[in-house]
2 protein chains.
Amino acid sequence: MVEHTLRRTPLSRDRVLRAAVALADEAGIESLSMRNLAQELGVVPMALYKHVANKEELLDGMIDAVVGEIDPPVPGAGWKQAVRGRILSARRVLQRHPWAPIAIESRTAATPAVLAYLDSMVGTLSAGGFSADLAHHVMHAMGSRMLGFSQELFDASRNAGRSGAAAAEPPAAPPPEFADRFPHLATIATAAFHDDASVVGTGCDDQFEFEFALDLLLDGIERLHRQGWTSHPA
Amino acid sequence: MVEHTLRRTPLSRDRVLRAAVALADEAGIESLSMRNLAQELGVVPMALYKHVANKEELLDGMIDAVVGEIDPPVPGAGWKQAVRGRILSARRVLQRHPWAPIAIESRTAATPAVLAYLDSMVGTLSAGGFSADLAHHVMHAMGSRMLGFSQELFDASRNAGRSGAAAAEPPAAPPPEFADRFPHLATIATAAFHDDASVVGTGCDDQFEFEFALDLLLDGIERLHRQGWTSHPA
DNA sequence: CCCTCCTGGTGTACGCCGTACACCTGCCCT
DNA sequence: AGGGCAGGTGTACGGCGTACACCAGGAGGG
């Protein structure tokens, strides 16, 4: 029975969560089923339920795991650099786990790790002299961007298809009638000075666009903060 | 056989789509199954497949239907008012169809109506004197907010529970340990000057927060536009 | 006038999903 | 030695999307 006792390290909530994250990373969130996950762990599906209550809780655990990967705030910097740096770290994390945005958005309530992250973000703001009032609105305004979401309308990276980093197929040249039906989109798409201009949502430098929006927000926030904004601006 | 021939108006793609939207509106997107929808229409599930290719295409059709509800741009105004007004209209539409954000986000590619909407938005910008370059970044920066998404981290309105407008249960008072674990969040939550201060994500004036973020972006954009921003700012 | 074809609704069936529930096994503690 | 319990197992149920074969009944041509 040696083979039997050595066959595998016993399951644990942690091992389940880690395997789930790995599976979602490499096969896409849509192939994360309790059955697939169990198979991956060499175990029968129902065994998982001894370690997570149900699939919802499994997802919550996965989210907490990835949110925990986000860098802690750098201590020295001012609020703006601290917030900016942390959000960019969050973005890096989410890029390692492309399923996470969908998973987080689909949850209705926040998980502990997410709350802790947001709490620390608010802490950075108050340390920077923000009123609770302004900090509150800022948190809302940043919304899910706070967690590194690019929240594009069509997010190519969100395909979550199989094999994770598999070569995204060449953007499938825009059909010729595209320019006729959507002339303005065609204009800004072909005016995409970055590397290659192909179709909307591709040929863009995602990182640039993300920082563009982030800095637009941060600059606006800084301005409000400096002029001591309070609930009745104009 | 009169009863038979009169029994119902025949199905059509349009009737299917309309019924699907209605069902999702009142019962939540999670109870929109081909089977439920068929039952609602007094028809066997497979009958639907004579009018939509599959569930994906059904969702696309639904999205196009609701995006089509968004007001056309008001002709007289400047770009800023035009964009602002249209986005607020989009938001009103999405509030009538709380399932739509989830549905739109879950799609990987844009549908025709969405493209048309975005195209017209870009048109407004170029008419306002925006370079293709800046207009491009602006579209990215606005992201899904363009369609009226509030894109909060935890969006209470996104519960999509049964019976649509059913009374959201009283916010379930924040557990006492909340303030200990997340002191900063507790601060901005209880400092929620709006009507009632209860827990993060509630007791906030959603409309106010949406416009706050929207104007933060629009003001920043206006500033860039006025100073003739181009790809190399600082 | 009949026959044929086509459009659109039907019935059955398959393979996937999450998970309830009863069961069994082997270890730890007394 | 024996009892309890943590943790892995097997079976089963109801729901999902949808493939595929079928059939009714009206339209159109001979």
Side-chain angles (χ1 to χ4, degrees), chain A residues 1-21 23-24 26-63 99 102-103 106-108 160-162, chain B residues 1-21 23-24 26-63 99 102-103 106-108 160-162:
Chain A
M1 293 301 132
V2 173
E3 170 249 353
H4 179 247
T5 54
L6 289 188
R7 170 161 105 241
R8 58 168 177 262
T9 61
L11 243 40
S12 74
R13 180 177 168 90
D14 212 71
R15 238 165 71 77
V16 169
L17 255 33
R18 246 196 295 275
V21 168
L23 181 54
E26 64 200 33
I29 189 72
E30 79 285 349
S31 25
L32 176 73
S33 67
M34 298 302 271
R35 291 166 138 99
N36 283 348
L37 178 55
Q39 186 164 19
E40 207 74 16
L41 287 160
V43 111
V44 89
M46 287 310 292
L48 302 176
Y49 288 87
K50 287 284 155 57
H51 299 98
V52 297
N54 48 47
K55 194 176 182 183
E56 295 263 296
E57 207 208 75
L58 174 74
L59 284 170
D60 282 348
M62 294 169 65
I63 290 171
W99 49 270
I102 310 171
S106 76
R107 308 253 59 72
T108 165
R162 61 266 167 72
Chain B
M1 293 307 126
V2 174
E3 169 250 352
H4 178 248
T5 52
L6 290 187
R7 171 161 101 242
R8 58 168 178 264
T9 61
L11 243 40
S12 76
R13 181 178 167 88
D14 212 68
R15 240 166 69 76
V16 169
L17 255 32
R18 245 198 294 277
V21 168
L23 180 55
E26 64 200 34
I29 189 74
E30 79 284 349
S31 24
L32 177 74
S33 67
M34 299 302 271
R35 292 165 137 99
N36 283 347
L37 178 55
Q39 186 164 21
E40 207 74 17
L41 287 160
V43 113
V44 90
M46 287 311 293
L48 302 175
Y49 288 86
K50 287 283 153 61
H51 300 97
V52 297
N54 49 44
K55 193 177 182 180
E56 297 263 296
E57 206 207 77
L58 173 72
L59 284 171
D60 282 349
M62 294 168 65
I63 291 171
W99 50 269
I102 310 171
S106 76
R107 308 253 60 71
T108 166
R162 62 268 169 70

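Chain letters run A, B, ... following the sequence lines, proteins first, then strands; residues in each count from 1.
By the side chain to side chain donor-acceptor pair (under 3.5 Å) test, A:E40 is found to be paired with no residue, residues two or more places apart in sequence or in another chain being considered. A:R18 pairs by the salt bridge (charged side-chain N to carboxylate O under 4.0 Å, His left out) definition with A:D14, not counting sequence neighbours.
Take the nearest nucleotide of DNA chain C for A:A53 and for A:S33: the residue whose nucleotide is more 5' is A:S33. Between A:L32 and B:A47, the residue anchored closer to the 5' end of DNA chain C is B:A47, taking for each the nucleotide with the nearest heavy atom.
Heavy-atom minimum distance, B:A20 versus B:L58: CB-CD1, 3.9 Å.
Annotation: the span from A:L23 atom CG to A:M62 atom CE amounts to 7.5 Å, rounded to 0.5 Å. The CG atom of B:L59 lies 5.0 Å from the CZ atom of B:R107; values are rounded to the nearest 0.5 Å. Atom CG of B:L17 sits about 10.5 Å away from atom CD1 of B:I63, to the nearest 0.5 Å.
Residue contacts for B:K55: at a heavy-atom cut-off of 4.0 Å it reaches the sugar-phosphate backbone alone, with no base atom in range.
Summarising the geometry, the separation between CG on B:L41 and P on C:dG8 is reported as 15 Å, rounded to the nearest angstrom. Atom pair B:L48:CG and C:dG9:P shows a separation of 9 Å (rounding to whole Å applied). Per the geometry, OH belonging to B:Y49 stands 10 Å off C1' belonging to D:dA19, to the nearest Å. Atom CZ in B:R13 sits roughly 18 Å away from atom C1' in C:dG9 (whole-Å rounding). Note: CZ (B:R15) to C1' (C:dG9) measures 13 Å, nearest angstrom. Going from atom CD of A:E30 over to atom C1' of D:dC16 covers 16 Å, rounded to whole Å. Distance B:Q39 CD to C:dT10 P: 13 Å, rounded to the nearest Å. Between the CG atom of B:L59 and the C1' atom of D:dG17 there is a distance of 12 Å, rounded to whole Å.
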Return a table of donor-acceptor pairs under 3.5 angstrom between the side chains of residues 41-55 of chain B and protein atoms on other chains or two or more places apart.
residue : atom : partner : partner atom : Å
B:N54   : OD1  : B:E56   : N            : 3.2
B:N54   : OD1  : B:E57   : N            : 3.0
B:K55   : NZ   : B:L32   : O            : 2.8

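One axis for each end of the helix from C:dC1-D:dG30 to C:dT30-D:dA1, each built from five base pairs, and the angle between them comes to 10° at 10° resolution.
B:H51 has a side-chain polar atom (N or O) that falls below the 4.0 Å cut-off from OP1 or OP2 of C:dG9.
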Atom pairs, N/O to N/O, protein against nucleotides 11-13 of chain D, distance under 3.5 Å?
none

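Of the candidates D:dT9, C:dG18, D:dT18, the closest approach to any side-chain atom of B:M34 belongs to D:dT18.
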